[in-house]
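Per chain, numbering begins at 1; letters A, B, ... match sequence-line order. Fair warning: this is a prediction, and the values are worked out from it, not measured in the lab.
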Protein chains: 2
Amino acid sequence: MAERPKTGGEMAREPSETAAAAAAVTATREPVTRERAVRLAVELADAGGIESVSMRKLATELSITPMSLYYHVKSKDDILDGMLDVVYSEMDAPQLGAEWRTAMLERARSTRAVLARHPWAISLDARTSPGPATLGHLDATIGVLRAAGFSMPLVGHAMSLLDSYVQGFAMQETTLPLDASGDIGAATEDIMAQQEMMSNAFPNLAEMAGTLILQPGYAYGNEFEFGLGLILDGIENAHREEVESADAAVTADASAG
Amino acid sequence: MAERPKTGGEMAREPSETAAAAAAVTATREPVTRERAVRLAVELADAGGIESVSMRKLATELSITPMSLYYHVKSKDDILDGMLDVVYSEMDAPQLGAEWRTAMLERARSTRAVLARHPWAISLDARTSPGPATLGHLDATIGVLRAAGFSMPLVGHAMSLLDSYVQGFAMQETTLPLDASGDIGAATEDIMAQQEMMSNAFPNLAEMAGTLILQPGYAYGNEFEFGLGLILDGIENAHREEVESADAAVTADASAG
DNA sequence: CCAATCAACCATACACCGTATGGTTGATCA
DNA sequence: TGATCAACCATACGGTGTATGGTTGATTGG
């Protein structure tokens, strides 16, 4: 229930070079840290999915025993929290002073790209203990929208909408059997085999598969920009309406005074 | 790799009443089925989250041993697939002939409501082996949009956008610490305690928390309708443009011929 | 210089998990 | 009456997270 793990020696204060041997050791095997453990966990997850991150595997990779890991880390959940914050830190945070629409566009694209690189992070996203990178990212986003004149409620609307969409899209994207190029590829034959069965029970699905999804040029990833543009247009409208009604109020005030 | 588990005696063909005792037994303990196991798994997950669904617990609840469960079910993944399809079967499928916009509106609301009732289903959603209920739902949705005159590409755009949003929103919603009434409630004090720390490092976040999220009337769930309406407006625009350009082509054709 | 401290690591053990393998029943039916 | 087979079971293996209670060996204050 302590609010922070007592990670102890967080910075590697060098052991004052007691002996040449000690120096050699410190040089070869870099010290174990929460940060290093988390970084390694991210690598493991990237390579083999989230279920291949275990305390035992992590410990082995760090050349210590499983229980020694608990000196640096509070629990496995602590590691998962750290992993998610690493992912957020890879996203481009909006720059203060940027034009809001391009800032949101780039934020969305960057988020999607990072989540595509670390698909396991999407399921971790439900986790409720944001790290500093996560909070900083949110803070910067709010800042840009506020600077553009958005009211707080509209900021809430816009961020809920954008974040829901991006996160949901990233999730859908991982569900589909995509090859590296982004189109359907290898899974096509499997699907074609089921085509006949589907045509009977699910004619619309079958037609959509045949005439759209399985077509050579189609790549699900391209759907992202359509939705994103549409959403930004809608937010832009809402923002304009908000500004106009405020202007109208001011004008009314002025003519009344 | 068999495409269906050999579920064997799926219907409970009654054992021709060999003895009164046998009849009593059949009456008291209803037969174990894949379907029953899946239903029970759903109940377990509703009560204690997805991690409280284990083969051993399930078996105990069914009054059999863990390994006996494998007679009715191929694997645990098989059960998870079944659970997801149960969830989809609880959603209102769009009625053929319905007006597209209200059909999509209701589909989105129904989906959100069902996912809120079974939060564990959101993480299962990434699973790639849709059951019949899932496929039927998709098929009906495509059908409604096609009937309204949507081109296949626009159907793809619309569904990607709507499904991403709804799923993403459902996910965000489970992340937040909500009480039954839907507003922030119990977690407020915890958050307030961190307020001061936040105000320094994350001023915009702190302001948003103070002036919007922690305000008495605020409930995150209300953000849903804003985004949904905005998205449907955007799709409606795209649809109108598509129809208009088609009309123009026809007119041009007619005047040319 | 020596004793105390303490960061860092370790061994053992427990209670879970999914499932491979290979039985054992008891009713049904040719 | 003997074979079949749906349904269930016992044992075991290799994994998981982590509670408990050591053991080191370098750093320090007295």
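Counting to the nearest Å, the P atom of dC16(C) and the CD atom of E51(B) are 15 Å from each other. Y71(B) places its OH atom 8 Å from the P atom of dC8(D), with the value rounded to the nearest Å. One interatomic measurement links the two molecules: OH of Y70(B) to C1' of dT21(C), which rounds to 13 Å at whole-angstrom precision. dA8(C) atom P lies 13 Å from atom CZ of R36(A), rounded to whole Å. I64(B) places its CD1 atom 7 Å from the P atom of dC9(D), with the value rounded to the nearest Å. With rounding to whole Å, L69(A) atom CG is found 10 Å from dC9(C) atom P.
Below the 3.5 angstrom threshold, one finds a donor paired with an acceptor across the side chain of R56(B) and the base of dG18(C).
Taking 4.0 angstrom as the limit, S54(B) places a side-chain polar atom (N or O) nearer than this to OP1 or OP2 of dC17(C). Look at S68(B) and you'll find a side-chain N or O under 4.0 angstrom from OP1 or OP2 of dC9(D). Distances shown here put a side-chain N or O of H72(B) below 4.0 Å from the OP1 or OP2 atom of dC8(D).
Taking the centre of each ring, F224(A) and F169(A) come in below the 6.0 Å mark.
Nearest nucleotide to the T65(B) side chain, out of dC9(C), dA10(D), dT18(D): dA10(D).
The residues R34(B) and D78(B) are annotated as salt-bridged, a charged nitrogen and a carboxylate oxygen being separated by less than 4.0 angstrom.
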Practice task
Show your reasoning for whether side-chain hydrogen bond (donor to acceptor under 3.5 Å, both in side chains) applies to Y165(B) and Q167(A).
Solution key: CA-CA 8 Å; Y165(B) 175 64; Q167(A) 193 167 325; over 6 Å; no
